[in-house]
Amino acid sequence: METVSENRAFGGVQGVYRHASKATNCDMTFGLFLPEEARDGPVPLLWYLSGLTCTHENAMTKAGAQAWCAEQGIAIVFPDTSPRGEGVADDDAYDLGQGAGFYVNATQDPWAPHFRMWDYIADDLPAVLAENFQLDMDRQAITGHSMGGHGALTLAMNLPDRFKSVSAFAPISNPTASDWGRKQLLAYLGDNEADWAKHDATLMMRDKGFDGPILIDTGTSDQFIDLLKPEALSHAIAERRQQATVRMQPGYDHSYFFVSTFMEDHVSFHAEALYGA
């Protein structure tokens, strides 16, 4: 693992690191904020999964998470959203290819050799983090924005007992029924829609749910709200009688102004689950 940069922040350290990934067969870069408490021993870990077009850097510099994580004594990791580099497949569209990994393991050409973001987030990067940093891997929580909210919810429901809590900012909630989803799932996974189900938070909620607290925020003025389909997931949560707080925030859009506004709420929500367990 290579250290790209480390900066003092809120009493802790905001680092950027690069490593060779077995899952994606290329070098991957991630950001990790370690609070001051990590000097003395392992600290809980919050995952932040970013959305379409993002790298590790967007949330790291725009979400304002470090201050709140420092206050709670929690580390936060900012993975990239896709494999990158020479020889990695791409597409001219912003919502497919590099920057748009959708947190799935691609089975279709030309994506299959590198686009294995599910394995990267579920297995590869956790192993790197556990080996190199003072982290309590028995106390993990996960959040994300847009495509990353989709990833956070589906990973949490598919990996029982991994995460103490899950939250999402404006998640793509029902991708099998949305143009933000059907295009990517068809390209990455092929036309057997049964293979898509584990990557749809609404379908997973109906099938499995989540054994823990959920917090979801979406802005009422989100310019992509018809693609996000928050109502589908809300109905599934109600039908299952799942423990969850689902909020529609008046006037907020899809931007990082929205994310940063409610980041304190989300970090505090996860801190309660991580320290209360």
Side-chain angles (χ1 to χ4, degrees), residues 46-54 58-59 62-63 65 78-79 81-82 95 99-104 117-118 121-122 141-159 162-163 165-185 196-210 212-240 242-249 252-263 265-267 269-270:
L46 175 60
W47 292 77
Y48 183 99
L49 305 185
S50 291
L52 289 167
T53 74
C54 290
N58 295 73
K62 294 180 180 180
F78 305 97
T81 56
S82 78
D95 58 354
F102 244 76
Y103 305 101
V104 303
M117 288 301 295
W118 182 276
I121 300 297
I142 191 167
T143 188
H145 173 227
S146 193
M147 178 184 73
H150 138 81
L153 290 165
T154 55
L155 280 153
M157 286 188 276
N158 275 285
L159 299 174
R162 173 73 63 88
F163 302 104
S165 52
V166 59
S167 73
F169 301 86
I172 300 173
S173 298
N174 191 194
T176 62
S178 170
D179 288 342
W180 264 5
R182 294 192 63 83
K183 171 183 176 179
Q184 293 83 0
L185 295 173
W196 301 4
K198 67 179 286 187
H199 301 293
D200 186 306
T202 296
L203 300 183
M204 286 302 302
M205 180 58 65
R206 291 173 183 159
D207 183 41
K208 290 188 176 182
F210 177 69
I214 297 173
L215 172 62
I216 299 171
D217 280 314
T218 305
T220 61
S221 296
D222 192 307
Q223 57 270 49
F224 305 111
I225 199 165
D226 290 338
L227 295 167
L228 304 176
K229 297 190 176 295
E231 66 283 352
L233 180 56
S234 293
H235 291 157
I237 287 170
E239 289 167 3
R240 191 173 185 85
Q242 166 75 46
Q243 175 188 3
T245 299
V246 180
R247 308 187 299 192
M248 299 300 300
Q249 300 291 359
Y252 284 89
D253 60 16
H254 200 70
S255 70
Y256 267 98
F257 295 109
F258 156 67
V259 172
S260 61
T261 297
F262 298 102
M263 181 57 71
D265 288 358
H266 284 244
V267 173
F269 163 81
H270 289 297

Exercise. Are Lys208 and Asn158 close enough, and set up right, to give a side-chain contact (heavy atoms from CB on, under 4.5 Å), and what steps lead you there?
Worked result: CA-CA 8 Å; Lys208 290 188 176 182; Asn158 275 285; 4.3 Å; yes
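- Under a 3.5 Å cut-off, the side chain of Asp207 and the backbone N or O of Leu203 do not form any donor-acceptor pair.
- The main-chain N or O of Asp95 is found under 3.5 Å from a side-chain atom of Gln184 such that the two form a donor-acceptor pair.
- Contact detail for Thr218 and Pro171: the closest heavy-atom pair is OG1-CD, 4.0 Å.
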For this session: Step by step, work out the side-chain contact (heavy atoms from CB on, under 4.5 Å) result for Val166 and Leu153.
Result: CA-CA 7 Å; Val166 59; Leu153 290 165; 4.0 Å; yes
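- In this structure, the separation between CG on Leu46 and CZ on Phe78 is 8.0 Å, given to the nearest 0.5 Å.
- Checking Ser50 against Asn58 by side-chain atom types alone, no donor-acceptor pair falls below 3.5 Å.
- For the salt bridge (Lys or Arg N to Asp or Glu O under 4.0 Å) condition, no pair includes a residue of residues 220-231, sequence neighbours left out.
- The two residues Ala244 and Ile237 have their closest heavy-atom pair at CB-CG2, 3.8 Å.
- Once rounded to the nearest 0.5 Å, the distance linking CG of Leu155 with CD1 of Ile121 reads 7.0 Å.
- In this structure, OH in Tyr252 is found 4.5 Å from CZ in Phe262, a value given to the nearest 0.5 Å.
- Side-chain rings of Trp118 and His199 approach one another, their centers coming within less than 6.0 Å.
- Distance alone, capped at 3.5 Å, is enough to place a donor-acceptor pair between the Gln242 side chain and the Gly212 backbone.
- Closest approach of Gly144 and Ala152 over heavy atoms only: N-CB, 4.0 Å.
- Ring orientation note: the planes of Phe163 and Trp47 are nearly perpendicular, at an angle over 60° on the 30°/60° scale.
- Closest approach of Ala170 and His145 over heavy atoms only: CB-CD2, 4.3 Å.
- A donor-acceptor pair under 3.5 Å is formed between the side chain of Asp200 and the backbone N or O of Thr176.
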Problem set entry | From CA spacing to verdict: side-chain contact (heavy atoms from CB on, under 4.5 Å), Ile172, Leu227 | CA-CA 7 Å; Ile172 300 173; Leu227 295 167; over 6 Å; no
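- Between atom CG of residue Leu49 and atom CE of residue Met117 there is a gap of 8.0 Å, rounded to the nearest 0.5 Å.
- Taking 4.5 Å as the limit, every side-chain heavy atom of Arg206 sits out of range of all side-chain heavy atoms of Arg240.
- In this structure Asp217 satisfies the side-chain hydrogen bond (donor to acceptor under 3.5 Å, both in side chains) test together with Arg247, Gln249, His266, sequence neighbours excluded.
- Looking at heavy atoms from C-beta onward, Trp180 lies in side-chain contact with Leu52 at the 4.5 angstrom threshold.
- Using a distance-only test at 3.5 Å, with no hydrogens or angles considered, a donor-acceptor pair links the side chain of Thr143 to the main chain of Ser167.
- Judged by distance alone, with hydrogens and angles left aside, the side-chain atoms of Arg162 form a donor-acceptor pair with the main-chain N or O of Ala122 at under 3.5 Å.
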Problem set entry | Worked verdict on Phe258 versus Thr261 for side-chain contact (heavy atoms from CB on, under 4.5 Å) | CA-CA 5 Å; Phe258 156 67; Thr261 297; 5.7 Å; no
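- How far OG of Ser173 is from NE2 of His235: 12.0 Å, rounded to the nearest 0.5 Å.
- The NE2 atom of His254 sits 12.0 Å away from atom CZ of Phe169, with the distance rounded to the nearest 0.5 Å.
- With contacts defined as side-chain heavy-atom distances shorter than 4.5 Å, the pair Trp196/Arg182 qualifies.
- The shortest heavy-atom contact between Gly151 and Tyr103 is CA-CD1, 3.9 Å.
- Side-chain atoms of His150 come within 3.5 Å of backbone N or O of Phe102 as a donor-acceptor pair.
- Residue Thr220 comes nearest to Ile225 through the heavy atom pair O-CD1, 4.5 Å, listed as atom of the first residue, atom of the second, then distance.
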